[in-house]
Protein chains: 4
Amino acid sequence: MAAERTSYDEKLTLILKTAAAVFAEKGYHRASIRDISRASGISLSGLYYYFESKEELLYLIQDHSFGTLVSNLKSLLAGESDPRRRLYLFVENHLRFFVSNMKEMKVLSHESDSLEGEYRRRVNERKRRYTDLCTSILEELRAAESGASGDPIPTRLAVFALFGMLNWIYNWYRPGRDIPIDEMVDGMVHLFLNGYLGGAVPALSGEWSGGEGTPSIWRR
Amino acid sequence: MAAERTSYDEKLTLILKTAAAVFAEKGYHRASIRDISRASGISLSGLYYYFESKEELLYLIQDHSFGTLVSNLKSLLAGESDPRRRLYLFVENHLRFFVSNMKEMKVLSHESDSLEGEYRRRVNERKRRYTDLCTSILEELRAAESGASGDPIPTRLAVFALFGMLNWIYNWYRPGRDIPIDEMVDGMVHLFLNGYLGGAVPALSGEWSGGEGTPSIWRR
Amino acid sequence: MAAERTSYDEKLTLILKTAAAVFAEKGYHRASIRDISRASGISLSGLYYYFESKEELLYLIQDHSFGTLVSNLKSLLAGESDPRRRLYLFVENHLRFFVSNMKEMKVLSHESDSLEGEYRRRVNERKRRYTDLCTSILEELRAAESGASGDPIPTRLAVFALFGMLNWIYNWYRPGRDIPIDEMVDGMVHLFLNGYLGGAVPALSGEWSGGEGTPSIWRR
Amino acid sequence: MAAERTSYDEKLTLILKTAAAVFAEKGYHRASIRDISRASGISLSGLYYYFESKEELLYLIQDHSFGTLVSNLKSLLAGESDPRRRLYLFVENHLRFFVSNMKEMKVLSHESDSLEGEYRRRVNERKRRYTDLCTSILEELRAAESGASGDPIPTRLAVFALFGMLNWIYNWYRPGRDIPIDEMVDGMVHLFLNGYLGGAVPALSGEWSGGEGTPSIWRR
DNA sequence: AATGAATGAGGGTTCATTCAT
DNA sequence: CATGAATGAACCCTCATTCAT
């Protein structure tokens with residue numbers, strides 16, 4: 001008697017998940033709502049009951065993903081004050097979530113320019129706060145570790161180098177075929193921590209020809 | 001009498017440069033040939049004298065960029081055998097070229113999935129060789145520096161972490177408003193070298209709850 | 001205990017009034033049932049309890065309006081036999097009703113082609129009878145006034161000129177900002193009566209170049 | 001040898017004429033670009049070479065029609081200063097043009113609300129000027145004819161009554177089956193001139209029950 | 001070497017309408 | 001009585017591409 005019906009929320013979730021997969025596969029602009037209709041088994045017009053436009057659909061995916069990512073992080077960091085552990089948790093949360101939600105995170109990383117107007121503003125606001133949180137962890141870290149010698153790495157550079165390392169994985173990491181996540185987390189933290197806090201690198205710069213950079217056919 | 005006509009090559013170069021800018025601005029799929037016609041001042045059908053399809057145009061841009069990037073690198077590395085210096089030169093070449101040709105490199109980094117078939121194969125082949133070169137530098141580096149203790153960072157992870165750091169810059173680096181390239185190069189090399197070669201990070205892992213990762217609305 | 005429920009009729013009336021306003025505002029074809037749902041506060045599917053199709057809804061509006069217009073007119077003309085007064089009452093009824101029910105009358109005037117089949121037939125039948133009534137008033141009028149000199153104005157032309165004068169008001173008349181209805185009624189009756197019954201206009205025609213009419217780019 | 005090719009302008013003219021017919025037949029909103037494609041024999045996308053949007057197409061039709069209507073009028077009125085003759089020419093031009101370009105004029109009269117924004121503004125501006133011209137003719141007329149007695153008909157009312165008479169014809173006039181244009185022109189001028197200039201109509205007003213107008217189901 | 005004109009395929013979106021509940 | 005959820009058909013418009021000139 002207890003009919004097994006799918007609720008509105010379940011269906012919306014299915015749609016978001018399917019759409020994320022389609023967007024991840026073909027890219028947002030190349031993907032058509034018809035693709036999503038086909039992949040989800042819901043009629044083209046039926047989809048519009050759940051979102052108002054393709055752009056809103058992208059926003060919903062990004063917003064949901066980001067929301068969960070951040071909310072998970074918050075509960076992890078809640079009781080922790082040691083900067084090293086906080087960084088570790090940050091990286092671990094980011095990578096685990098990324099690997100568990102590869103499609104969504106690819107969409108989040110790759111389609112940041114695809115939103116416009118208010119949607120874009122909102123997602124960017126979330127990104128800014130997430131970046132700020134990362135920045136403050138790095139600053140605590142530097143404050144805690146006094147031994148730094150030589151010119152320190154600019155924090156902004158460090159933050160985005162870290163995000164680059166982490167976000168780039170959708171371009172190469174294949175779960176099951178690459179190393180397990182645990183090892184990736186350890187490796188990334190290790191790499192970044194030693195790099196960020198480690199002693200000065202022997203001077204090498206200034207000796208390269210440089211000038212206006214590499215000549216190329218593009219420069220004419 | 002000697003009319004100042006623009007040659008075929010000059011015009012092709014103009015088209016590639018313009019198209020790269022348009023693709024960088026709107027993304028490959030969102031950009032239309034009409035956009036490129038408008039931006040270049042060449043008629044829609046006139047463009048087709050210089051390429052056979054939109055996809056070939058993308059290929060030409062990526063192939064040209066990559067070709068120059070690699071050729072520059074080759075001549076820089078030519079006389080150098082010290083692994084540290086070789087890494088430095090690799091990073092410097094990559095970043096300088098990237099910043100000098102931001103549009104093209106964004107297209108190269110961002111639109112790797114937009115090519116198909118033979119075009120894709122060819123660009124991927126170039127990427128593989130470039131990656132291999134980077135890999136071998138990192139291996140030389142590790143071989144040269146004996147002091148490494150503890151579990152070393154997997155080379156594959158290190159390579160892609162490095163590429164992530166470098167390629168991500170199109171998402172944040174604004175020439176003129178951010179630090180000069182020299183400092184960015186120093187910072188990136190410093191960060192990566194210390195990270196890659198530095199001593200083991202105090203064990204932190206294994207203590208996180210994890211399991212299948214963070215619960216999320218996506219996982220239901 | 002006596003719940004103050006709105007009856008079926010009240011709700012239907014609300015719907016017709018709301019729909020008339022929406023149709024008047026956006027035009028029948030441009031307006032959507034969703035617009036009416038929004039404007040009336042009744043759910044999209046809930047509306048279909050009161051009519052079977054959008055076209056029937058339009059029919060109901062036109063039929064109701066016309067019915068009331070004619071029924072009012074009938075009771076006004078009931079005891080009156082003087083042709084001038086009968087015309088006056090005709091015009092007054094038409095204009096007053098029009099101004100009091102601007103939305104509905106705009107729909108009636110403007111959307112006469114939007115009905116098809118049986119619906120159209122029925123409304124047209126009502127229009128025909130209404131027109132016939134007007135025609136007969138004009139004929140009585142002419143019969144009563146013997147003084148007409150020269151070629152009389154063809155009745156069919158007079159009838160439709162009158163309807164044009166009257167119906168056009170939805171294009172310009174703004175209650176409150178234009179003259180009061182009374183004056184408009186007087187003015188219209190005056191204009192039409194003098195025109196219809198007045199002496200011949202000095203011959204002016206036949207002197208215009210004309211031929212097939214005005215040359216225009218359309219005629220090529 | 002002399003190829004019989006149709007020029008751009010000829011094709012545009014064909015499209016405007018065809019589109020006017022389709023819009024007149026089905027109404028602007030109900031008509032689809034596909035209908036116009038079918039009717040003109042030009043492919044759907046091919047049409048967009050000649051206009052940028054359906055709305056621009058409507059604008060082009062209205063603007064062209066109005067332009068010709070007014071330009072014809074201007075050259076007719078050029079040498080004429082007698083108010084009566086000026087009115088006659090105004091009406092004759094309007095009606096002849098209307099009948100010769102029934103489709104376009106129906107679109108012009110019936111679809112005045114279908115344009116928005118800048119397009120609407122421009123057409124309305126033309127309409128305003130045309131209306132002003134008519135108004136000034138009526139004023140000259142009244143000034144010239146001193147004999148007017150009693151309260152004169154408000155000019156604004158007279159102008160729009162005249163336009164109503166004239167524009168309404170798309171609702172009833174069938175060339176070939178109705179009276180010839182000449183007679184219609186004479187009739188309309190006669191009707192309006194006598195009405196507008198004629199002596200006062202015997203007082204009839206004020207005796208009707210009225211009040212707030214006719215009670216109706218709509219007024220609740 | 002270059003272009004104006006044209007097109008088939010497909011894009012996102014809206015609509016009137018239905019039906020189980 | 002009333003609604004939430006769903007759909008097929010159709011809409012306007014854009015696109016990469018072609019081809020005669």
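Quick caveat, the model's predicted, so the values are computed rather than measured. Reminder, nothing fancy here: chain letters follow the sequence lines and each chain counts from 1. Excluded from the calculations below are hydrogen atoms, water molecules and symmetry mates; all remaining heavy atoms, backbone and side chain alike, are included.
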Subject >> Donor-acceptor pair, side chain of C:E10 and main chain of C:S7, under 3.5 angstrom >> reply: yes

Subject >> Ring center gap for D:Y59 and D:F51 short of 6.0 angstrom >> reply: no

Subject >> Under 4.0 Å protein heavy-atom contacts per nucleotide of nucleotides 5-12 of chain E, with B for base, S for backbone only and - for none >> reply: BBBB--SB

Original post:
Between C:F23 (CZ) and E:dC15 (P), how many Å, whole number?
Top reply: 13 Å

Subject >> Identity of whatever pairs with E:dA1 - Watson-Crick or G-U, under 3.5 angstrom >> reply: none

Original post:
Under a 3.5 Å cut-off for both distances, is E:dT14 Watson-Crick or wobble paired, and to whom?
Top reply: F:dA9

Subject >> Check: D:K106 side chain, D:Y170 main-chain N or O, donor-acceptor pair, under 3.5 Å >> reply: no

Original post:
Using purine N1 to pyrimidine N3 plus N6-O4 or O6-N4 for Watson-Crick, or N1-O2 and O6-N3 for G-U wobble, both under 3.5 Å, which nucleotide pairs with E:dT21?
Top reply: F:dA2

Original post:
Counting only N and O atoms by type, is there a donor-acceptor contact under 3.5 Å from the side chain of C:Q62 to the main-chain atoms of C:E111?
Top reply: yes

Subject >> Nucleotide F:dC15, atom P - distance to CD of B:E55 in whole Å >> reply: 18 Å

Subject >> Nucleotide F:dC15, atom P - distance to CG of B:L57 in whole Å >> reply: 15 Å

Subject >> Side-chain donor/acceptor of B:Y28 to backbone N/O of B:E55, under 3.5 Å >> reply: yes

**OP:** Return the value, rounded to whole Å, for the distance between atom CG of D:L12 and atom P of E:dG4.
**Re:** 17 Å

Subject >> Any-strand Watson-Crick or G-U partner of E:dG8, both distances under 3.5 Å >> reply: F:dC15

Original post:
Once the angle between the rings of C:H110 and D:H110 is folded into 0 to 90°, is it parallel (under 30°), tilted (30 to 60°) or perpendicular (over 60°)?
Top reply: parallel

